[in-house]
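None of these values were measured; they are calculated from a predicted model. Labels below follow one simple rule: chain letters A, B, ... track the order of the sequence lines, proteins then strands, and each chain is numbered from 1.
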Number of protein chains: 2
Amino acid sequence: MYRIEFNDFFTSAFSVDCIIFGYSQGEIKALLIKRAMEPFENLWAIPGDLIYPDEDLEEAAERVLFELTGLKQIAMHQSQTFGKPNRHPQGRVITVSYFALIRIDDFEVKASSWAGDVQWVSLKNMPELAFDHNHILSSTYDMLKLKLQNEPVCFDLLPERFTLNELQQLYEFAFDQAFDKANFRKKIKYIPLIAHDEKQKNVKHRPAKLFSFDQKTYVDAVTSNHYTFKM
Amino acid sequence: MYRIEFNDFFTSAFSVDCIIFGYSQGEIKALLIKRAMEPFENLWAIPGDLIYPDEDLEEAAERVLFELTGLKQIAMHQSQTFGKPNRHPQGRVITVSYFALIRIDDFEVKASSWAGDVQWVSLKNMPELAFDHNHILSSTYDMLKLKLQNEPVCFDLLPERFTLNELQQLYEFAFDQAFDKANFRKKIKYIPLIAHDEKQKNVKHRPAKLFSFDQKTYVDAVTSNHYTFKM
DNA sequence: TTAAATTATTGTCCAAATTACAATAATTAA
DNA sequence: TTAATTATTGTAATTTGGACAATAATTTAA
């Protein structure tokens, strides 16, 4: 059996792929870029980049997010790592995928050197993507759905003030099933929300009350060990 | 701003760390090795190895498991990836952690070149480990607990035939809380189990009936879209 | 052989959560 | 002012969950 030298291992690269999820018009969407060069020229892809030698993984994912959206201080969630030897046609590249949840209205997409065309694409209507990105995206979406059930990350997707129906519709989209309105409101009874006097505007019917997530009360409830978010 | 050449990225290594969980005497344990060389000589560590240039991640994790236990065809679960630039004193090493669930009685630990001393260590009583392995282990244990609640992986830890009390005690250990026997049995009512005529042996009291997990019925129930495992 | 001790297994009752569905309230638009 | 539309709240039946009790089966020691 031949012996592999230690240095032979240092022949691979690693990258992060950063799935940016947003929510608008009743649909969860991912921000994708159109590749301007080979391989997979003209196909849509998840934004990503190689990790610098001294850079932490999460830091690299934050950099990719920033370059594309200008947003900082957004929580990054690690999803999974993909490393089939032939997943990248130009060499061995292992990629760690992260996802970020943002409010679509909070920023403007920036063009960047490596991303000429950028677009929000609904998860209901996903085209063929470059590399193994369809696989990465769908695993990461599964992980998002898991978090939606166990942590209050839904409020990172919704506008700061939202109606209870908008909240419900987000879950209906994610889990592809309709819920009873009255029962949905009972279910969220213990989530700390602030009810505002403000109401929905520009709707052709009775406007709904606006709510926001009460982060402070939530943290208190969790740390004083009573409450766990569950959907 | 200086430009980083493409080849500069190929200066890092990847490894897998393979957390092998087992269950015996009412405790969930991890199989650890004692390091025989620097760095961290004489400290306990999670078994792991560098990934070969042409090797798939999961394949590498299976190899580590096999070298230590002789077991093959065990499901590997990816947990998380750890890549702080300074986590390894000898260079940049990003590590992907996997975990395997095995029946402690199904094998004999093998000594291997890199693992002189090998030992099962209870998760209730974990010493200081090498590198960032305490952190890796505790995140991975969290992931195991998540799976215990959503997938029937408990049966990979228990002997093929087990008593309902043994099943209960496994969950009591993992979630560090006692459950009512009668209520626990109601909760598992829909998990497909095969009741055998055989009974517990060598106990000083009324022996409990032995059960085994009915994999086939489980798969049928899931695919015919009725059933989801929940604990 | 028998009774005490121990644990397995099943049952009951009450409270809490879930589900299906209905009723009422508040707006807009005509 | 009224019809249309959606928001919001309520009710009753059903299911689930938790506390606790009762009974069954087996071993061990007297």
**Asked** Between the side-chain atoms of B:Lys186 and the base atoms of C:dT12, is any donor-acceptor pair under 3.5 Å?
**Response**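 Present.
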
What does [X] touch in the nucleic acid at a heavy-atom separation under 4.0 angstrom: a base, only the sugar-phosphate, or nothing?
X: A:Lys199; result: sugar-phosphate
X: B:Ala208; result: sugar-phosphate
X: B:Lys181; result: base

Atom [atom1] of [X] and atom [atom2] of [N]: how far apart are they, to the nearest Å?
X: B:Lys189; N: D:dG18; atom1: NZ; atom2: P; result: 13 Å
X: B:Leu193; N: C:dT9; atom1: CG; atom2: C1'; result: 15 Å
X: B:Lys204; N: C:dA8; atom1: NZ; atom2: C1'; result: 17 Å
X: A:Leu164; N: D:dT9; atom1: CG; atom2: C1'; result: 12 Å
X: A:Phe179; N: D:dT8; atom1: CZ; atom2: C1'; result: 19 Å
X: A:Ile188; N: D:dA7; atom1: CD1; atom2: P; result: 13 Å
X: B:Glu166; N: C:dT7; atom1: CD; atom2: C1'; result: 14 Å
X: B:Arg185; N: C:dT7; atom1: CZ; atom2: C1'; result: 10 Å

### Message
Taking the ring centre of each residue, are B:Phe179 and B:Tyr171 less than 6.0 Å apart?
### Response
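B:Phe179 vs B:Tyr171: aromatic centres not under 6.0 Å.
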
ask   = B:Phe82 and B:His135: aromatic ring centres closer than 6.0 Å?
value =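 Distance test on ring centres: under 6.0 Å, yes.
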
As an exercise, state the distance from NE2 of A:His196 to CD1 of A:Ile194, rounded to the nearest 0.5 Å.
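The CD1 atom of A:Ile194 is 5.5 Å from NE2 of A:His196, to the nearest 0.5 Å.
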
So does B:Arg206 get a side-chain nitrogen or oxygen closer than 4.0 Å to the phosphate oxygens (OP1/OP2) of C:dT9?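 So the side chain of B:Arg206 is outside the cut-off, no N or O lying under 4.0 Å from OP1 or OP2 of C:dT9.
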
Exercise for review: Verify the contact: side-chain N or O of B:Asn165 to OP1 or OP2 of C:dT7, cut-off strictly under 4.0 Å; return yes or no.
Suggested key: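 No, outside the criterion.
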
**Prompt:** Under 30°, 30 to 60°, or over 60°: which ring-plane class applies to A:Phe99 and A:Phe21, parallel, tilted or perpendicular?
**Reply:**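 Ring orientation of A:Phe99 relative to A:Phe21: perpendicular.
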
Problem - Aromatic ring pairing A:Tyr218/A:Tyr227, orientation class (parallel under 30°, perpendicular over 60°, tilted between) - result: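 Ring orientation of A:Tyr218 relative to A:Tyr227: perpendicular.
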
A:Asn183 side chain, from C-beta outward: closest of D:dT9, C:dT19, C:dA17: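 The answer is C:dT19.
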
#### Entry: Closest-nucleotide 5' rank along DNA chain C - winner of A:His205 and B:Thr163
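Its nucleotide being nearer the 5' end, the pick is B:Thr163.
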
| field | Pairwise 5' ranking along DNA chain C for A:Lys187 and A:Val203, keeping only the more 5' one | value |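 Closest to the 5' end, via its nearest nucleotide, is A:Lys187.
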
